[in-house]
Amino acid sequence: MKHLISMRDISKKDILEILEEAKKMENLINEKKTSDILKGRILANLFFEPSTRTRLSFETAMKRLGGEVINMIDKGSSIEKGESLIDTIRVVSGYSDIIVIRHPNEGAARLASEYSSVPIINAGDGSNQHPTQTLLDLYTIIREVGKIDNIKIAFLGDLKYGRTVHSLVYALSLFKNVKMIFISPKELKLPEEIKEDLKNKNIEFEEKENLDFDDIDVLYVTRIQKERFADMNEYERVKGTYMIKKEHVEGKDFIIMHPLPRVNEIDYEVDNLKNAKYFKQSFYGVPVRMAILKLLLEGR
Ligand code: CP
């Protein structure tokens, strides 16, 4: 693996190798040990969209492995003077050993990888993919449910624009006997091409509009993303469609995941229930990103 752009580029074997490495990294963090395997290496964070978790967990991951981090956001950079993404990548790949990029345009990370002399990691490109989120989601499932094969998972919320959903659905299709339920308003259904892909692989799924999820192992909740809507009237119609409350969860065994940030889709009273794993999930971003950095930089 030279770059990490899409879950479609990596095999189940690669995924399992990253998850195994992430467990070693989690042990390192829990034992309060340090490592200097990336000493002398520099990570460049290029974020053209807001981020808390992805940017800071990459920074934490690099520092925990002894590396350094430089940051660029669109405000205050020469992007404001009209510099292109391609020129920016050519310049920054001369300053760093690895680049993490988030961009509002689908395909931006792939384009960056064509002009970069160092590995590119896609930290989210529009509504397309968010592969490092998917890897930490898979890690959360294995740590909190104990398996990925033979699970039943319900996805809830913005399934049309949600890149975390698109990446994770694809990744789960590589595992055995995973059943999926897609719950969304009709305006925000999973894109047809993703459903076609599932049908071609004989993956069992159903679509619903109501909060009907019996017998599941994972409830994966997503935010309805105002920033992705071209028509604000459509956003107004669908915002606040769902809110997970205590009564939907109490007495049930499934775990609740959310890539975060949450806005209104999970009531704060749910946070104290044993089912709520979304803050644990965001913590797992650090060991998983440590593993990704190690595997991409090792031997280079
Ligand atoms: N889950 C996620 O990508 O969060 P941020 O937008 O805060 O990075």
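Atom set for the values below is all heavy atoms of this structure, side chains included, hydrogens, waters and symmetry mates excluded. Counting starts at 1 for both ligands and their atoms, following the listed order. One-based numbering along the sequence shown.
Look at D271 and R262 and you find a salt bridge, because one of the NZ, NE, NH1 or NH2 atoms lies within 4.0 Å of a carboxylate O, short of that distance.
For K12 and F175, the positive end sits near the middle of the six-membered ring, less than 6.0 Å away and at most 45° from its axis.
Ligand 1 lies out of reach of E49, whose nearest heavy atom is not under 4.0 Å from it.
Relative orientation of the Y220 and F155 rings is tilted, given thresholds of 30° and 60° on the angle between their planes. Ring pair Y284/Y139 is perpendicular by interplanar angle, where above 60° counts as perpendicular and below 30° as parallel.
Each of the atoms 5 (P), 7 (O), 8 (O) of ligand 1 lies under 4.0 Å from some heavy atom of T52. The T54 neighbourhood of ligand 1 comprises atoms 2 (C), 3 (O), 4 (O), 5 (P), 8 (O), with distances under 4.0 Å to a heavy atom of that residue. Near L260, meaning under 4.0 Å from any of its heavy atoms, are these atoms of ligand 1: 1 (N), 2 (C), 4 (O).
Nearest to atom 4 (O) of ligand 1 among the protein's heavy atoms is R53 NE, 3.0 Å. The shortest contact between atom 6 (O) of ligand 1 and any protein heavy atom is with R102 NH1, 2.9 Å.
Looking at R55 next to ligand 1, no N or O pair under 3.5 Å apart turns up. Residue contacts with ligand 1: P259 is placed with a nitrogen or oxygen under 3.5 Å of a nitrogen or oxygen of the ligand (distance criterion only).
Partner M7 forms a side chain to side chain contact (heavy atoms under 4.5 Å, CB included) with one of L168, L172, I15 and no other, that one being I15.
Between L174 and I10 the shortest heavy-atom distance is CD1-O, 4.2 Å.
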